[in-house]
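What follows is one structure encoded as structure tokens, with my remarks underneath.
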Amino acid sequence: MVINLAGRSVDCRYIRMNKREILDSRILPTRVLGQAIGKLKAPPKLWMNASTATIYRHALDREMDEETGEYGRCEPDAPRAWGFSVDVAEQWEEEFFQSKTPGTRKVALRSAMVMSAEGGAFPALLRLVRLGLGGAAGSGKQFVSWVHEVDFVRAVEHLIARENMGDVVNVAAPCPLPNQDFMAMLRAAWGKRFGLDLSERMLEFGAVFLWTETELILKSRRVVPGRLLQDGFRFAFPEWAAAARDLVDRCRNARSRRAGRTPTGLTTAKFLN
């Protein structure tokens, strides 16, 4: 099989150079792989390619699954600049599915934010909590779609084994929740009672200095894994509260190891055995 997760980080300002790198780093590897697989006499049985749940619209009103989810770009309550991410996602999937690889099953992984104690979004969010800045972002009503890293890996393994599954698959926990609740549960997991709310103006100001975009935190992503659930996949961490506690435990254990202390047991151990 082939699993392609290549793509430049979107945690940056969307200036012209970065936008070109974001697009090319996804389109070009996908194109090269398609050309190579198409020439093989014994091609891989499965090709899984990264995609993104950001392809769906800014959604406060209802959940977005693979069958009924609506693509973003022209929402009246969302900035036009957010359309760039949708354009990238659509071109990425178009490049993937138009490649001529008749002997290979294809799956596009429309992944939500993968939460890991080892890097990515979670350590940054936890840092805000530790600094007392882990309150609601903007209105706090926008939904957060996420998936624990253990479930991301388990979902990939499930899709490898289930030869009937193809096309696009949402890889996201089944319970997205509003940002204000998401951050409150993360504060509770860390043991922090207070978190300063951050207005949209404060976020815009901070994004300039952090060289990032507020879309990453203000767009409402209410994505659910319709096809995985229909196929009987069971999440180890369907609810954010339990996932947050597990990830916080893992972060604390990592800090203990660096300090030379004996770490406590990890709740993920039973899912990885």
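What you are looking at is a predicted structure, and each value in this text was computed from that prediction instead of being measured. The residues of the chain are indexed from 1 along the displayed sequence.
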With Val107 as reference, evaluate Val156, Leu159, Ile3 under the side-chain contact (heavy atoms from CB on, under 4.5 Å) test and give the passing residue. Leu159
CZ of Arg8: more than 12 outside heavy atoms within 6.0 angstrom? yes
Decide whether [X] and [Y] meet the rule of one side-chain donor and one side-chain acceptor closer than 3.5 Å.
| X | Y | result |
| --- | --- | --- |
| Ser116 | Glu149 | yes |
| Glu215 | Ser85 | yes |
| Ser51 | Glu93 | yes |
| Lys106 | Ser99 | yes |

Please tell me if the side chains of Glu163 and Lys45 come closer than 4.5 Å, counting only heavy atoms from C-beta onward. no
Test: [X] and [Y] ion pair at under 4.0 Å:
| X | Y | result |
| --- | --- | --- |
| Arg26 | Glu95 | no |
| Arg252 | Asp249 | no |
| Arg62 | Glu70 | yes |
| Glu66 | Arg110 | no |

Within 45 degrees of the ring normal and closer than 6.0 Å to the centroid, is that where the cationic atom of Arg57 sits relative to Trp82? no
Please answer: with hydrophobic residues joined when any side-chain heavy atoms are less than 4.5 Å apart, are Val129 and Leu131 in the same cluster? no
Angle class for the Phe235/Phe233 ring planes (parallel below 30°, perpendicular above 60°, tilted otherwise)? perpendicular
Would Phe122 and Trp146 count as a close aromatic pair, with their ring centres under 6.0 Å? no
